[in-house]
Amino acid sequence: MLVQQDVEKEIKANHPRAAIITHFFGNIVDISATCGCMDETFLIEDGGQALGAFYDDRPVGSYSDVGSFACSNKKLVTAGQGGLNVCDDERLNEAMRVYSHHGKNSDGNEVIPGYNFRGGEMEAVLASHALSDIKERVTSRNAAARIFQDRFDQAGIKYAVPFSEVDCKPAWFDIPVILDKEWGGYRDELLKALVAEGVPAWKYSSLICTPWIRAYMSYHGWWDDATEALMEREKKLWDRVFVIGTQFTEDEATILADRIVGVLTGK
Ligand SMILES: *Cc1c(COP(=O)(O)O)cnc(C)c1O
């Protein structure tokens, strides 16, 4: 996995024109440090899993040029489909609207090549109701998260934690459990055992291991030894991770946490 210093080195060496930062699991990237080493980079924050999380008392999504929040039915703001983009720049707002509306501006003229990415009205109604519940949803998810984390602490099971040096308030969407090295290669069998126990555990693969990425990057001449090494490192790490959601009541979370501890420790 890229650690913060690698990210900063990469940015300083390559001056990317645009970058996307993803806050995974409701946990928070050290966004302020990352922004601090960028000058002209246009930054998008993907907060699809972290709506309602805070970094230094500022909501996730507000550090970048555009904050983006997916709203499919698993997310904290559920609209069925679609998403929310936030920015505080009128021109950018207009540009996003034009792009998603066949490239048509408010006069109805097609000014750029665009797409039909308009959000539907029903989705907007659902999202707006969900948004008004966001505090309760985050509180309830964090309560379920606390139960998993406490049980895992007692059993010596590792999971992802927030940065300790900065003031982070995650909005736990999933709890990523980090398996000991001995589990290497057996994670998928473990998942089958958990599912058989009624635990809806799930896995994420490393984005760089997405099957077409390597072919695509190689075609463009972007895949080098450093990328290969990065893929190997990412794969090793992600192959040791499984996630459990936080969309549970405290009673449900207690039962599920006990089952996970049982399967992992044999107790
Ligand atoms: C779900 C999710 C997306 C994708 O959202 P869709 O609306 O399904 O396209 C993007 N980023 C993150 C972090 C997500 O969790």
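Counting starts at 1 for both ligands and their atoms, following the listed order.
- Protein residues with any heavy atom under 4.0 Å from ligand 1: Thr22, Asp46, Gln49, Ala70, Ser72, Lys75, Gly82.
- The existence of a salt bridge linking Glu94 and Arg91 is excluded, since no basic side-chain nitrogen approaches an acidic carboxylate oxygen closer than 4.0 Å.
- Under the ring pair (Phe, Tyr, Trp, His ring centres under 6.0 Å) criterion, Phe242 pairs with no residue, sequence neighbours left out.
- Donor-acceptor pairing under 3.5 Å is recorded for the side chains of Asn85 and Ser68.
- The pair Asp239-Lys203 does not count as a salt bridge, with every side-chain nitrogen at least 4.0 angstrom from each carboxylate oxygen.
- Of the N and O atoms on the side chains of Glu110 and His102, not one donor lies less than 3.5 Å from an acceptor on the other residue.
- Salt-bridge annotation for Lys192 and Asp188: absent, with no side-chain N of the basic residue lying under 4.0 Å from a carboxylate O of the acidic one.
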